There are 2 protein chains.
Amino acid sequence: MTGITTKENLLDTAERLFAESGVKETSVRDITKAAGSHLASVNYHFNTKYGLIRAVITRRTGPLKKRRFELLDEYEAEVGDNAVPVEKIIYALVAPSMELYLENPHFLRFAGRMVSDPDKEIRRIFLGELDPVFFRVKDLLKRALPEMPEAEIMWRIHFTIGALIHTWTNHSDLELRSGGVCDITNEAEIIERIVTFCSAGLKAPSSE
Amino acid sequence: MTGITTKENLLDTAERLFAESGVKETSVRDITKAAGSHLASVNYHFNTKYGLIRAVITRRTGPLKKRRFELLDEYEAEVGDNAVPVEKIIYALVAPSMELYLENPHFLRFAGRMVSDPDKEIRRIFLGELDPVFFRVKDLLKRALPEMPEAEIMWRIHFTIGALIHTWTNHSDLELRSGGVCDITNEAEIIERIVTFCSAGLKAPSSE
DNA sequence: GTCTATATGGGGATAGAC
DNA sequence: GTCTATCCCCATATAGAC
């Protein structure tokens, strides 16, 4: 009981501090102090600091992947033998992560940085979680855009992911730069903006 | 003479190591050892490690900003009183950075990470360098897309920057994932792909 | 300007009492 | 499971000889 609480507490605290200050910049001492725990608790519950990092990540990426697949399954069921529209495919990629942001404002900022983290193992965890989604999205887009060369489709998914990640990590900069004109509190609106932008990009005539 | 060489050598070495392993992960010891210098040289030439980081960044961002403005000036001169086409505006935003990548493959990977760096001061340097370009691009796009609400334009520039940065940091992942189908050696082709994708996104009808 | 030796502080991990 | 004391290593920065 108490063990579970301490463990969850460490995960929550680490997630917050990682998002605020970075993984390398946050010491085990910082985490245990903020969590009101003792220094050895991280090693007791997660073996190493790295084990804690891994646990912080996988706790969120599992449900995220699941939700994306659920949406894509649903859309495929709806259309029967027809192709799922591009907008819906992109929505399934974008919306679950933005909803996760609502539930937990810390994780995605952290996650966005991890995507290009210098530590190969950390990148591997993320990109590994993203891979199945990437290929599922690619296959669905091939059906929706039968004339588009496969390489072009993959490049465009890559750009879409970039737009999404940059929104995770830096949308507050946009709010600042725009003097508040760009509202970042309405998640549904942001999702719609990304979907509109990226769907148009995906459907643009290929130059090949 | 020798001083300049040592200094440049430290900058080059630091840039490479920062890109490969991260700023926090790279110690002054690592840098001076790899540069064939002595431990105190960084403090001698740059005062602190932070001074070195700053020098590594500003050495590249200055020329990058300059080149973007040159291109935009050129395009504005070409069209006289008409609006610069969206494609050209985006090209001026994208191409100089990808050309920088050709000259120096290390910097942009490093730079892409710095955009979302937990260290506020490092982020500030980057976003400060980007700000004038952002607003210039915004003003030009307002003329090219007179019906588009300003907030929507700014969001779409934000997505464009995201696609660009993700390409800086992660295009080798795309090559891997695609099994080599996506070729990352042809810079001109990548530039064209980003410009096509983002221009279409920018011109998509606004839902507002 | 170059370099060595060192000051000073913080890091992750663990032993072992409770 | 909890917690303290401690081991050992590595960080940045500097003093001072050359």
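Just so it is clear, the model here is predicted, and its values are computed rather than measured. When reading the values below, keep in mind they use all heavy atoms of this one structure, side chains included, and skip hydrogens, waters and symmetry mates. A, B, ... follow the sequence lines: proteins, then strands. Residue 1 opens every chain.
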Checklist line | Rounded distance in Å - NZ (B:Lys33) to P (D:dA11) | finding: 10 Å
Checklist line | Distance in angstrom units between B:Asn43 CG and C:dT2 P, rounded | finding: 13 Å
Next item on the list: Find the distance A:Leu39:CG to C:dA15:C1' and express it as a whole number of Å.
Entry: 13 Å
Next item on the list: Measure from NE2 on B:His38 to P on C:dT6 and round the result to the nearest Å.
Entry: 18 Å
Check: Is there a donor N/O on one and an acceptor N/O on the other, under 3.5 Å, for the side chain of A:Arg29 and the base of C:dG10?
Finding: no
Check: To the nearest angstrom, how far is B:Leu10 atom CG from C:dG1 atom P?
Finding: 12 Å
Notebook entry, point to check: When the ring centroid of B:Tyr101 is compared with that of B:His171, is the distance short of 6.0 Å?
Noted result: yes
Margin query: Is there a side-chain contact between B:Ser27 and the phosphate of D:dA11, meaning an N or O under 4.0 Å from OP1 or OP2?
Written below: yes
Check: When the distance from CG of A:Asp30 to P of C:dG9 is rounded to whole Å, what number comes out?
Finding: 17 Å
Note to self: Measuring to OP1 and OP2 of D:dT2, would you say a side-chain N or O of A:His45 lies under 4.0 angstrom away?
What the structure shows: yes
Next item on the list: Determine whether B:Arg136 and B:Phe69 make a side-chain contact, defined as any pair of heavy atoms from C-beta on separated by less than 4.5 Å.
Entry: yes
Notebook entry, point to check: Under 4.0 Å between a side-chain N/O of A:Ser41 and OP1 or OP2 of D:dG1, yes or no?
Noted result: no
Margin query: Between P on C:dG12 and CG on A:Asn47, what's the gap in Å once rounded to a whole number?
Written below: 15 Å
Notebook entry, point to check: Any idea which heavy atoms bring A:Thr61 and A:Phe126 closest together, and the distance?
Noted result: CG2-CE2, 4.1 Å
Next item on the list: Could you state the atom-to-atom distance from NZ of A:Lys24 to P of C:dG10 in whole Å?
Entry: 17 Å
Next item on the list: Measure up the A:His158 and A:Trp155 rings against each other and bin them: parallel (under 30°), tilted (30 to 60°), perpendicular (over 60°).
Entry: perpendicular
